[in-house]
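Note that ligands are numbered from 1 as they come in the structure, with each ligand's atoms numbered from 1 the same way.
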Amino acid sequence: MSTRRTFIKQSALASTLVASGGISMSEIIAQPQIKKTVISTWHFGLIANEPAWEILSKNGSALDAVEAGVKITEADKKIQSVGYGGLPDRDGRVTLDACIMDEKGNCGSVVFLEHILHPVSVARAVMEKTPHVMLAGDGALQFALANGFKKQDLLTTETKEAWEKWCKEHQYSPMKIDRDNHDTIGMLALDASGNLSGACTTSGLAWKIHGRVGDSPIIGAGLFIDNEIGGATATGKGEAVMKMCGSFLIVELMRNGKTPTEACKIAVERIVKHQPDYKDFQVGFLALNKRGETGGYAITKGFQYAVHNGENVLIDAEHFVKD
Ligand code: GLY
């Protein structure tokens with residue numbers, strides 16, 4: 001955040017540069033300071049933002065920042081909706097979805113991946129080492145192992161017990177997707193060079209049918225970046241987000257002049273208009289524009305997001321359903 005002292009220092013520097021003929025005042029005015037920022041979903045975004053901010057504050061890349069940030073959530077076994085310790089599908093298997101996108105529009109994605117602690121890093125390897133965007137299931141696992149990732153069991157004692165309890169109570173019937181069983185981490189960052197990147201990673205819906213993939217690894221649904229405009233990411237019921245390409249829509253709305261919050265709100269209203277059961281589930285969107293402005297919006301109360309641009313704060317998102 002720009003303090004009065006840093007403003008005075010910058011003004012003095014600008015005057016010196018102008019006086020020495022190094023740069024014109026109009027050039028200075030035309031080059032506003034880039035507002036390094038990281039934004040991520042839910043309360044656990046606060047912890048994930050820290051390593052991301054560490055990288056941004058040292059003028060590292062937004063791409064490195066978002067990968068480092070979401071890896072914290074992937075490795076935290078207490079977070080039962082992402083990575084290690086994520087609740088399994090109805091067959092007791094933890095299957096992961098993740099994607100990453102950089103400022104050049106490069107992207108990588110893995111879907112239905114098992115046994116790998118950091119799916120976001122496999123997604124980055126898909127982006128950087130293959131001519132493809134998305135690898136799925138066993139092929140994604142083989143690719144990960146061939147690239148040095150280690151195979152490990154992602155089911156914990158706690159999630160195994162929760163699954164056994166669910167099996168007894170639900171007799172293998174697919175769960176209704178309610179408001180509480182999917183808390184993806186999506187993260188967007190703007191770095192000192194003015195570049196944007198994003199990442200999104202999840203273990204998906206608890207007790208899902210084996211093979212189910214959500215919005216999180218789908219470029220344009222769970223995540224989208226356009227370095228000229230901004231980025232967006234989503235959390236909540238993936239099926240609802242996939243039906244309307246939520247993140248792509250939000251970036252296009254920002255291209256047409258909407259603020260991040262306005263764009264997220266319009267995307268939520270699009271779900272409300274076309275999906276009559278919207279009160280039964282949650283979707284939350286986040287957006288970050290090229291100026292470092294942030295915003296979020298959700299269907300119902302309870303969606304929070306964390307923003308770090310020098311200070312790390314948790315924000316209660318505005319929401320459509322008021323009751
Ligand atoms: N948004 C995460 C999922 O539906 O899998």
Open item on the list: Only heavy atoms of Thr184, strictly under 4.0 Å: list the atoms of ligand 1 that pass.
Closed with: 1 (N), 2 (C)
TODO: Indicate whether any N or O donor in one side chain lies under 3.5 Å from an N or O acceptor in the other, for Lys208 and Thr95.
DONE: yes
Open item on the list: Are Ile79 and Ser81 packed together at the side-chain level, in the sense that at least one heavy-atom pair is separated by less than 4.5 angstrom?
Closed with: yes
- [ ] Check whether any N or O atom of Gly238, backbone or side chain, sits under 3.5 Å from an N or O atom of ligand 1, and answer yes or no.
- [x] yes
TODO: Show which atoms of ligand 1 fall inside a sub-4.0 Å distance from at least one heavy-atom site of Gly214.
DONE: 5 (O)
Open item on the list: Salt bridge check, Asp76 against Lys78: does any charged N sit closer than 4.0 Å to a carboxylate O?
Closed with: yes
Task: Min N/O separation Thr202 to ligand 1 under 3.5 Å - done: no
Open item on the list: As an exercise, identify every atom of ligand 1 less than 4.0 angstrom from a heavy atom of Asp215.
Closed with: 1 (N), 2 (C), 3 (C), 4 (O)
Task: Lys265: partners by salt bridge (Lys or Arg N to Asp or Glu O under 4.0 Å), with sequence neighbours left out - done: Glu269
Open item on the list: Show every salt bridge (Lys or Arg N to Asp or Glu O under 4.0 Å) that has at least one partner inside residues 44-54, sequence neighbours left out.
Closed with: Glu54-Lys58
Open item on the list: Centre-to-centre under 6.0 Å for His115 and Phe149, is that the case here?
Closed with: no
- [ ] Answer yes or no: does an N/O atom from Lys237 fall short of 3.5 Å to an N/O atom of ligand 1?
- [x] no
- [ ] Find out whether Phe224 and Ile250 are in side-chain contact, i.e. whether some heavy atom of one side chain is under 4.5 Å from a heavy atom of the other.
- [x] no
TODO: Decide yes or no for Thr261 and Glu318: does some side-chain heavy atom of the first lie under 4.5 Å from some side-chain heavy atom of the second?
DONE: yes
- [ ] Have a look at Glu239, Met242, Arg212, Lys208 and point out the one with the heavy atom closest to atom 5 (O) of ligand 1.
- [x] Arg212
Task: ligand 1 atoms in contact with Gly204 (distance to a heavy atom under 4.0 Å) - done: 5 (O)
- [ ] Using distance alone, decide if ligand 1 has a nitrogen or oxygen within less than 3.5 Å of any nitrogen or oxygen in Gly236.
- [x] yes
Open item on the list: Using a 4.0 Å cutoff against the non-hydrogen atoms of Ser216, which atoms of ligand 1 qualify?
Closed with: 1 (N), 2 (C)
Task: Contact partition for Gln282 relative to ligand 1, non-hydrogen atoms under 4.0 Å - done: neither
